[in-house]
Structure formats: C-alpha cells, structure tokens
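Written out below as structure tokens is the structure these notes cover.
Because only heavy atoms are used, hydrogens play no part in the values below, and waters and symmetry mates are left out as well, while side chains stay in. Convention: sequence-line order gives letters A, B, ...; per-chain numbering from 1.
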Amino acid sequence: MKLFNAKIIANHPINARYWHMILDASMLDEHVAPGQFFHLQCGDAQQNPLRRPLSVFHYHQASATLEFLYLVKGSGTQQMTQRRPGDYMNLIGPLGRGFTLPEQGALLLIARGVGVATLHALAREARAQNKAVHVLLSARTANDLLTATALAEIGANVYTVTDQEGTSNLEQVRPRLEQLIHAEKIGALYSCGSRRLSKLAQDLAEKYHLKGELATEAHMACGIGDCYACACTIRSHGQLKTARVCSDGPVFPIEQVVIQ
Amino acid sequence: MKLFNAKIIANHPINARYWHMILDASMLDEHVAPGQFFHLQCGDAQQNPLRRPLSVFHYHQASATLEFLYLVKGSGTQQMTQRRPGDYMNLIGPLGRGFTLPEQGALLLIARGVGVATLHALAREARAQNKAVHVLLSARTANDLLTATALAEIGANVYTVTDQEGTSNLEQVRPRLEQLIHAEKIGALYSCGSRRLSKLAQDLAEKYHLKGELATEAHMACGIGDCYACACTIRSHGQLKTARVCSDGPVFPIEQVVIQ
Amino acid sequence: MSDLSVHIGKLILKNPIMPASGTFGAELTPLLDINRLGALVPKSVTVSARDGNPVPRVCETSGSMINSIGIQSKGIDDYVTHQLPAYRKFSPPLIASISGETIDEFETLAARLDAQPDVAALELNISCPNLRANGQAFGMSAEATAQLVRTVRAITDKTVIVKLTPNVTRIQDIAQAAEHAGADALTVANTFLAMAIDSETRKPRIGNIMGGLSGAAVKPLVVRLIYQVHQATRLPIIGSGGVMNGQDAIEMILAGASAVQVGTATFLQPNAMTTIIDDIDDYLNRHQIEHLTDLIGQVDLS
Amino acid sequence: MSDLSVHIGKLILKNPIMPASGTFGAELTPLLDINRLGALVPKSVTVSARDGNPVPRVCETSGSMINSIGIQSKGIDDYVTHQLPAYRKFSPPLIASISGETIDEFETLAARLDAQPDVAALELNISCPNLRANGQAFGMSAEATAQLVRTVRAITDKTVIVKLTPNVTRIQDIAQAAEHAGADALTVANTFLAMAIDSETRKPRIGNIMGGLSGAAVKPLVVRLIYQVHQATRLPIIGSGGVMNGQDAIEMILAGASAVQVGTATFLQPNAMTTIIDDIDDYLNRHQIEHLTDLIGQVDLS
Ligand SMILES: Cc1cc2nc3c(=O)[nH]c(=O)nc-3n(C[C@H](O)[C@H](O)[C@H](O)COP(=O)(O)OP(=O)(O)OC[C@H]3O[C@@H](n4cnc5c(N)ncnc54)[C@H](O)[C@@H]3O)c2cc1C
Ligand SMILES: Cc1cc2nc3c(=O)[nH]c(=O)nc-3n(C[C@H](O)[C@H](O)[C@H](O)COP(=O)(O)OP(=O)(O)OC[C@H]3O[C@@H](n4cnc5c(N)ncnc54)[C@H](O)[C@@H]3O)c2cc1C
Ligand SMILES: Cc1cc2nc3c(=O)[nH]c(=O)nc-3n(C[C@H](O)[C@H](O)[C@H](O)COP(=O)(O)O)c2cc1C
Ligand SMILES: Cc1cc2nc3c(=O)[nH]c(=O)nc-3n(C[C@H](O)[C@H](O)[C@H](O)COP(=O)(O)O)c2cc1C
Ligand code: FES
Ligand code: FES
C-alpha cells in the first residue's frame, strides 16, 4: 500500500456511460492482485473530501501500466473525465484482498454492468495461468456489454445477456449457468456487480459444492481499515459478524457474504 | 446592467502579481463609463459563492472588447488566471457610478498599485476628449508601476514614485503634486488604490478648491445595491450617512468620502 | 406542466421558490423575472433607521459566506412610503420580514404592516445573529419565542411566519412554542453563527467579529433541521439555507419543507431562483408527479 | 525551527497536531509518519462490543461529509489487550477516547484505562450524534456533563479532556460545567447533526437517517465555538472540525485553541497531519514567532 501520483497516459470514453483510464504506475513496487482496488482522489480537495474506490481493471507490470474502467456516476467520476493525459492522479493502493484462483477446473465469471471491470483482471490472470475462463456478461443494453471483445481476445468464452433482448432475467440465466457448470468443468464461481446475480452465484456454488468468491462494494472513507465506514455483515463459522469491505474484502468467500 | 457570458480573447500575466484579461463584449449594449465595474464569477459555483468586482480597465466599443487588469490576490483571482482564451467568463455589469470629467482644466490622477486599473479608463476617456492628463503612479517596486508606458502612449504625462527608490512617501509626493497643480492648470483630482494618497488628494482638493473624485472599494455580495454588504460612510450636506459602494459609488465626490 | 402551488398559512403560492430576506431587492429587476417567483421577501425592516454593522460585512468561506450586515434599515416609515410601493408592480405576494430588539418593536411593526394591503404575510426575524452580542436572539428561547409570537398574533390576521434560528440545542422546542403561540408557518432557518480569521493579518474577516453562515455548506444542517421540525409540528415549513439548485430544493421538500428560500445563490447567479423553478418543474415531469405537494415530507425511510 | 510544543492538562505535546478520534488507526503506518504527531487518538471505545449503525455510514456533501459509524467498537477488553499494544511502538502520547450510554459506562471505562500506563489522557466523547435517536447526547445538558465529568474526575488523575458537542444553544455553559467539574481540557467540537437526501431515490443518504457533519464546511462554525469557549473558560482547547491545512490550524489557534485535531482531511490525504505540522512551522518562521503558544487566542480585535 502506497500513496502516490500517477501520470495519466490515456483517458477516454468507451461508450456513453463508461470511461477507460490508463496510468503510468512505475511508482508502484508491489504486486497487484485481481480484485484489489485503488482509492483515487477524483476532485478538488475541499469540494470532494472523499476518495473513490476503483478496482484494478488491468495491471501490466512489464509496461508499468495500471488501468481502470469506470462508470460516470456522480461528481467524482465526472471530474475524472476532465483529466487529460499528462495530468496526475493521486492514488492509494493497492488495497484490500483480491481473488484467489481455483486449484483446478475452469473459472466461471458472472458480471453485470461495470462489475466486469473487477472480473476482467481475474480473467486475465487466469488466462495467463492457462486456466479456462467462461464469462457471463449481463447488462442493460448491448452497448453496455463492456470488454466482451477484449475478453474473447485473451481466450475467455464470453456469453452475453441483456435486459434489452430480454435474456438477462434469472429464469434464463440460471439454466445457462448450470449448463456451463455441467459441461465445462467449472472449478470456481466469481461474481460482481449485481445483487441478484451474486445471490444466484451463491446458490449455485452451494448446490454444486464449488469454490466461489464475490467482490463487494461499500461507501468508503479511509479505504484502509481505520474508520469502519464500509462495514458489511459476513457469516463466518456459523456466526454473523461485521467486516470491513476495504480491508477484510472487497473479495470474500462466496459462502460468507450476507446478501441483503 | 446585464448578466452575460463573455468569451476570453486573451488572459496573461503582465508581471509577477498582475494579469490582464481581454473579453469579447459584443453582448454589451450599454455605455460603460470609466470608474464603473463588473461583477465576475471567478470560480466554481459551490466553492466560491461570491463574485469579484473588477473595474473596467478599458472598454473599446468599436472592437467590442472589455479589458481588466487584476492583481492575483486570493482564490478568486487565482482561478481567473486558469481561464484560457475561448473559455467564457460570467459577468454582471456595467455597475455603479463612474467618474465625471472636469468642465475645464487638466486631470491629475493619483494611483497606487492596481488602483491604476481604475484610473486608466478615465485617462483614456479624458485624452479622447483632448484634455490634458497627469498621472502620478505610486507602487512598491518599479516592476509594479503598471501601464506607465500605455499611459504615456495615449499622451498622458506620467510621474512615477516607488517605495524601493524611497520616493513614494507623502513628504516627497505632496510637494510634487502641489507643483503640478500650480504649473499645469489642474481642474480635477482623482485617486484610487491607497488610503494615504486618497487622504492627500482630499486635502489638496480642499486646499485648492478643486473638483475631485475617489474610487472606493468594499467587500461585496450582490454588487447591485440589494444587500448592504458594501456599506461605507459618506459626508453629505454636513451629515454622515451610509452609502453603498456598489450602487451609490464606487466613485464618490472627493469631499464626501470619509477616509478611516 | 405540473402543479407547483403550495400553501403557506393563508397564502397560496404559485410555486415554492422565494427569496431569502436580505438577499433580494427590486434592483434585481433587470436580471431576474421577479414575477415568476412564488413570493417576494424584502430585507428585514426595523422600527427606526439603523446603520448596520462595521465592515467588512461579508466574507467568503469554503462553499459558504459569512455576513454581518446587522439589519441596515431605513426604518418602518421609509419602508411603508418608499419600499412597499416599489414592489407594487410585481404580482407575487409580498412577505414582509420584520426585526426588532424588543417584543414591543415587533408589536409596533406588526401593527403598522397589518394595515398595509400590499403586505400578504409577516415573517418574524427572531433569529438574526447580527443584532446582539455573541449572536444572541429571541429565537434561542422557547418562552421568548412564544411571548413574541402571541403578541404579534393578537395584532394581525395576516399569515405569520416565524423564522427560527438554527443555533439551538432543540429546534423542535422552539418550533412547538411558535406553533402553540399561533404561528401559521415556520422558516427553517436563519444563518448559523460563525467566525473566520485571516491567519496573515490575524484579524477577524468580519468587522463585527462573528456573523451568519449561509450557502451550500449549511444545507446538510438545514435539511436535518427541517426534518426535525416537520416531525415535531404540523406547520408548513419554508426551508432556508444552502439551496443552490433544483435538487437542493427537492431535498428540502422531501425533508418536510412546503416552500424554499434562496439567498446566497442569488449573489452568484441573480437568476438562480427562476432556474430552480425550472429544475423543479423538470423533476416533477420526469418523475410524473402531478402536484408538488405530494412530495412534501416524502423522504423514503423504508 | 520554532517551538511548537503545547500543554494540554498534564501532557506536553511536541506539536499541536493530533488525529480526531474515529479517523485514525495503526493502518496509516505505511502512509504517515505517525511518530511526528503531537498525540495519538484512536477510535472511541465502549464497554461492550458494538456493531455500529446501518450502511451507508458515510456520504459526501458540499465540502463536507456526513458519517454515522455509530461507534463500532470491539469493547474495552479487546482495546486493552489488542489495540493499546498496537500503538506501543509509537512515541507520541496516546489519548484514549471513551464513549458510553450511561455515566456508569464512562466510569467503568475510565477505571479500566486509568490502570493502563499506555494511556496518557482520556477524551470523554459525550457528544457523539450517532448513538441515540435524533442525535441526543450527554453534552447537550450542562448538568449531565457536570455529573459525568465529576464521576470520571473522581476516578483518575490522568488528564481528562471533554469533547463537547456543537449542537447546543450556548456551548459556553457546557464548557463551564465541564471546567467546574474538574476537566483539564476541552475538545471543541464533535460533528454537527446533519442529514442528506438523494432526490432521485428519495432515501436518506445515510443508513441511520442522520449523522455527523465534518470537513471544510464546518470550520467557520468551529472557529466561532472555539472563540466562545476560549472567552468563557481558562481550559486549554483542542480545536476539531474542518482543518484541511496549516492555515486552518493557525486560524483555530488564533481563536483560542492550544491544539488541533484533524479528521476528514486524513481521508483525502493520509499524510495531511504531517503536512499541516510543516505548514505551521513555516508560518511561525515566516512571522518570526518563536513559540506557538504566543499565538493562542491572539486574534487581533483592535
Ligand atoms: C472496492 C470497489 C471497487 C469498485 N470498482 C469500480 C470500478 O472498477 N469501476 C466503477 O465504475 N466503479 C467501481 N466501484 C464503484 C465506484 O466506487 C463508485 O461508482 C464511485 O465511487 C462513484 O463516485 P461518484 O462520485 O461518481 O458518484 P456519487 O454517487 O456522487 O458518489 C458519492 C459518494 O458515494 C460513494 N459511492 C457511490 N456509489 C458507490 C459504490 N457503488 N460503491 C462505493 N461507493 C460508492 C462515492 O465513493 C462517494 O463517496 C467500486 C466500488 C468499490 C467499493
Ligand atoms: C469597485 C471595485 C473595483 C475593483 N477593481 C479592481 C481592479 O480593477 N483590479 C484589481 O486587481 N482589483 C480590483 N478590485 C479589488 C478586487 O475586487 C479584489 O482584489 C478581489 O475581489 C480579490 O479577490 P480574491 O478572491 O483574489 O481575494 P480574496 O482575498 O481571497 O477574496 C476574498 C473575498 O474578499 C473580497 N475582497 C478581497 N479584497 C477586496 C478588495 N480590495 N475589494 C473588494 N473586495 C475584496 C473578495 O471579493 C472576496 O469576496 C476592485 C474592487 C472594487 C470594490
Ligand atoms: C447578506 C445577507 C443578509 C441577510 N439579511 C437577512 C435579514 O435581513 N433578515 C433575515 O431574516 N435573514 C437575513 N439573512 C439570512 C437569509 O435570509 C437566509 O436565511 C440565509 O442566508 C440562508 O439561506 P441561503 O443559504 O440560501 O443564503 C441574510 C443573509 C445574507 C447572506
Ligand atoms: C468517520 C468518522 C468517525 C468518527 N468517529 C468518532 C468517534 O468514534 N469518536 C469521536 O469522538 N469522534 C468521532 N468523529 C468526529 C471526529 O473525531 C471529529 O471531531 C470531526 O470529524 C471533526 O473534525 P474533521 O472536520 O477534521 O473531520 C468521527 C468523525 C468521522 C468523520
Ligand atoms: S473505508 Fe474506512 S474502514 Fe473501510
Ligand atoms: S454589494 Fe450588495 S449592496 Fe453593495
């Protein structure tokens, strides 16, 4: 974990709602795991006292580049879009606990919306280790199906469903996933970006006795475990207890997450 | 008086502390008198809820350009320096009461520091009407003697004094001004930018029975006469009363101003 | 076009947006379509002429400003003969803000203005932090508030609005005191007592040392106060403090305000109020809400 | 190098900058040189373990934030066995912030911590707006404050600092009650009770509906409170609320603070506190002031 400035190499929209930022991360001297995040200063210090957490979309150690894929939502991410190549972003990270790969078997990633930003790094890592990766991408519209091409290019099998086509409801998604689990030797399930899909992943992991992990979100202040802003409830050894998304998570074993 | 956006034509430093901004004022359809001011939105709406008043440095109706000369002082003027040609400034104006020229005789302008920004427009107007103009410019250093050359170019007689050279103290300035009053058929005195020099101008106007006007300053909120933030005390018909710098001033007859 | 009208006591306002006293005047005419406002609220008037406080009277703080005008007023005679007539050309109802140092002064002002047909309602400024030492005000005591409101109530049938101070431990108690004493509505709230010091000169940045804080920074405090008052009384509430845009106004209405005053925002954008009215109209259309009144107090606590 | 040291009760701090409780922890070690701080103030501890309030527990407002953590604490046993030891490796004195729902709980906590050599002083958090309904707190009543402080005073000779709430009509009364009951110093102040509503979802932006406002926006209110308390008592004051840079800290010291806490600024810049210490040092050098103590309360009212 480190506090540092990173020069912006690129920052551009990939569609109406999502942007992609590439930073020069040569200041970084630590391993960055998929599922970890950085805490970014997006705006003016006085106006925006809180940083914004963003998952690592891609970290390429050789070229020392760090990438984020972000949804333009409120004042923080809006201000990120104003930053130009050559400007600096102030970051803290890498933070939190990332994903772990299955010992064996293929990975089944279930992502909705910008949730794919988080799972993308995992897909890359798994492919780099030559593991089979299957990704179910869900989104509102075909336009919001992010990075499907990039995932296919690295050799992941991508399945897309959208609200627009009427293919994203649980009744259709569930059998599709079960079919994949049966046919593709799935060793672990991962999900991010949708409560509904996370719940489904949890059910399936339990039903098929699969390893699974969920990436969770919470509003954060410190991002490093000091303030308890990011509390969530987890189930551990049959007991409910409070954990911090920023430092105990954001990735938790799928059976521990209490989905409200 | 009007609320409008004006495109920035130029905005650059003229020395370490002062900047010059030129705006496209083609939106303006009113006469702008020397001594009047505009109320500018310098910064972000939420961060800087107050506008900043700046005197007209120069308004050129034919080319529809409006110029300001400004001292970089705090957050508002600092943010003005960030604006680039092509950006827009949001202005209210022209506001307040400006200077009036003497029926006859020459003008003696006594300015210190950025006070010359206000008197400059008056010098131009007087020269355009072919009146003789004498300007005593006082400043901390030779570098801060603003627009001396420009004033000379339009045919004003410029006399400079600085703290650095030790020529700006009242003991030296007073006889110089008295000598000018005697020698140059001065019809009116004008001052801006220094309490000390304004007091001196007031003394001289009284002593030599000259017309005189002072440009005053006050912290403002509305700028248009509604809020009474900019109160000052004036002496009128032997009585002290409260006036608003923004709408009753900022230029007052020299005998009316109560200099604290 | 949704129905933006709201009730404040006996008044029906065509929309909920009105100026905050002290930040508005007929001088805005060239910059703002005054006839579009829900109501007009001129600067507080006092019985006798007052000069106001030493300068500087305003300073800027982070996302806010401090003012200590100290009620500069030409007195009630001038108000009746010169100021009221200047507003006659506008159609929105006029709410006269009155301010005094004693209950007798409030009584005198209320009696004078009760007789003025141009005055639709009275707003009792019992909360100005700039009149007495250390920001003390009537509105800090439930008893003083009750006594003052009872006195004014006995004198006028016009709508009486009490402008509360936020600088109290329990605003609910003051609100209830005003309600029981006969107030028709409450303005929540006046400015917050504040102070700023220039670290270079070491001088207070306001001539009067302390002043009242207004602007965006105070909004979360005012939303809380509105919510608390709405829970404690049945009176219509006029929110005041930090409204810069339509979203802010909606936020106050959801918390329990029936109408909203705009002050500091007008200094930055003289036409802020009409922009806010447009924003509210857009919001209602977008959310398919026919009557603004359906939103009042409708914060979703589920 | 000027002398930045200040006294708070029996403590001598090498400089006036310390964290605000709830915004600091040993997790900052990689990002901040903790040994440079004047003191350490961990999160408030309670007698028993508490889970804290529903999420979202923080939201951002204009130049400020609202929090409603609700004192998430593992209880005093865990504090003594796990948390205090984690700070042992740092040199600055540790001020333990304690919080309770009854005076008995404060008594229990004070007794436990009085026995801990690692604890240099106690800060009594009698002002948390996130524990009881509607932001009620002990610190809103002078009597309750006096009783609580007397109880703790009877138990410990360690420096007792009372953290006041800003949500009162007259903070001077509470400050004097704490002083007479034996407090050694006052922290001015805790967060301001606040609320924000998302106009799109209509839901409160804090799970617990209301929370405490902190950050730049509250500074003008806190400077005023410090000034008022400084005039009303002789106790050293620790300013808290909205300090983002060295200038802000100097402003509070001029108003009457002997030391200054930094909270929200640390979330944005984890090393804000050391930057502020450097800023203060620069300021003293630039103004040729040898001892920081020469600035305390030196606002120029001439
Ligand atoms: C561990 C983690 C990883 C994330 N990774 C990504 C990512 O890779 N790409 C991406 O687009 N988004 C990601 N998010 C969500 C992202 O943090 C929010 O969309 C962002 O903070 C919104 O800020 P804003 O100012 O644009 O929106 P606003 O709604 O104006 O934000 C206001 C406040 O709410 C907080 N907030 C709002 N939405 C969220 C949210 N979903 N999660 C946490 N805090 C929120 C903000 O941080 C801020 O404090 C991640 C969140 C977490 C917790
Ligand atoms: C009628 C009038 C004409 C002026 N003309 C010029 C000009 O042509 N060129 C120029 O450089 N300056 C001029 N000034 C002064 C100029 O307005 C201030 O320097 C400027 O407002 C400072 O803003 P800031 O944010 O940089 O400084 P800050 O000190 O950060 O400002 C904080 C607040 O104090 C107010 N303030 C600070 N100094 C002054 C001041 N001297 N007068 C009024 N308000 C002040 C600001 O408007 C703002 O509200 C004029 C002032 C007045 C009243
Ligand atoms: C410059 C100024 C003058 C004010 N004068 C008065 C006044 O005379 N009477 C009054 O009741 N409130 C007065 N107020 C308070 C406002 O009416 C309003 O309640 C407050 O500013 C909060 O709203 P805002 O944040 O929208 O400005 C004044 C406020 C400002 C900024
Ligand atoms: C997230 C958060 C948690 C807090 N927790 C506590 C606490 O446990 N005990 C306490 O006395 N104050 C607590 N506070 C208040 C701070 O200590 C401090 O008084 C306040 O935030 C004002 O300072 P600031 O503006 O520098 O943040 C908390 C504040 C925040 C923002
Ligand atoms: S955000 Fe502070 S503990 Fe997680
Ligand atoms: S600034 Fe409002 S009256 Fe002059």
Quiz item: Mind checking whether D:Arg170 and C:Gln136 have side chains closer than 4.5 Å, heavy atoms only?
Solution: yes
Self-check item: Region of D:Ser302 in contact with chain C, defined by heavy-atom distances below 4.5 Å
Solution: both
Practice problem: Could you tell me which portion of D:Ile66 (side chain, backbone, both or neither) has an atom closer than 4.5 angstrom to a non-hydrogen atom of chain C? | Solution: side chain
Quiz item: Are the side chains of C:Asp300 and D:Thr201 in touch, meaning some heavy atoms are under 4.5 Å apart?
Solution: no
Quiz prompt | Heavy-atom contact with chain C under 4.5 Å, split by part of D:Arg205 | solution = neither
Exercise. Report yes if some heavy atom in the side chain of D:Val168 is under 4.5 Å from a heavy atom in the side chain of C:Val168; otherwise report no.
Key: no
Quiz item: Out of C:Thr61, C:Val299, C:Ile250, which one racks up the most heavy-atom pairs below 4.5 Å with chain D?
Solution: C:Val299
Quiz prompt | Greatest number of heavy atom pairs closer than 4.5 Å to chain C - which of D:Gly211, D:Ala216, D:Pro204 | solution = D:Pro204
Quiz item: Are side-chain heavy atoms of D:Glu251 and C:Met195 found at a separation under 4.5 Å?
Solution: no
Quiz item: Measuring from C:Asp248:CG to D:Ile197:CD1, what's the distance to the nearest 0.5 Å?
Solution: 11.5 Å
Practice problem: With side-chain contact (heavy atoms from CB on, under 4.5 Å) as the test, would you mind laying out the steps for D:Arg224 and C:Phe192 before giving the verdict? | Solution: CA-CA 10 Å; D:Arg224 180 263 297 180; C:Phe192 293 76; 5.7 Å; no
Quiz item: Do C:Ile209 and D:Tyr227 come within less than 4.5 Å of each other through their side chains, counting heavy atoms only?
Solution: yes
Practice problem: Flag yes if more than 12 heavy atoms outside C:Gln247 fall under 6.0 Å of its CD atom; otherwise flag no. | Solution: no
Quiz item: How long is the span from the OG atom in D:Ser64 to the CG atom in C:Leu221, to the nearest 0.5 Å?
Solution: 8.0 Å
Quiz item: Under a 4.5 Å heavy-atom cutoff, which of D:His287, D:Lys219, D:Gln298 has the most pairs with chain C?
Solution: D:His287
Self-check item: Contacting region of C:Gln172 [heavy-atom separation from chain D under 4.5 Å]
Solution: side chain
Quiz item: Does any heavy atom of chain C fall under 4.5 Å from the side chain of D:Leu295, the backbone, both, or neither of them?
Solution: side chain
Exercise. Work out which heavy atom in D:Leu213 is nearest to a heavy atom in C:Ala217; give both atom names and the distance.
Key: CD2-O, 4.3 Å
Quiz prompt | Sub-4.5 Å side-chain heavy-atom contact between C:Asn167 and D:Thr169 | solution = no
Quiz item: If you tally heavy-atom pairs under 4.5 Å against chain D, which of C:Met210, C:Met252, C:Met140, C:Glu200 wins?
Solution: C:Glu200
Exercise. Side chain from CB out, backbone as N, CA, C, O: work out which of these in D:Gln228 comes under 4.5 Å of a heavy atom of chain C, or both, or neither.
Key: side chain
Quiz prompt | Partner chain C: residue of D:Pro220, D:Gly246, D:Ala255 with the largest heavy-atom pair count (under 4.5 Å) | solution = D:Pro220
Quiz item: Taking D:Val223, D:Thr165, D:Asp198 one by one, which has the highest count of heavy-atom pairs under 4.5 Å against chain C?
Solution: D:Val223
Quiz item: If every non-hydrogen atom of D:Leu254 is compared with every non-hydrogen atom of C:Arg202, which pair is closest and at what distance?
Solution: CD2-CD, 3.7 Å
Quiz prompt | Neighbour count >12 (heavy atoms, 6.0 Å) for atom CD, C:Glu290 | solution = no
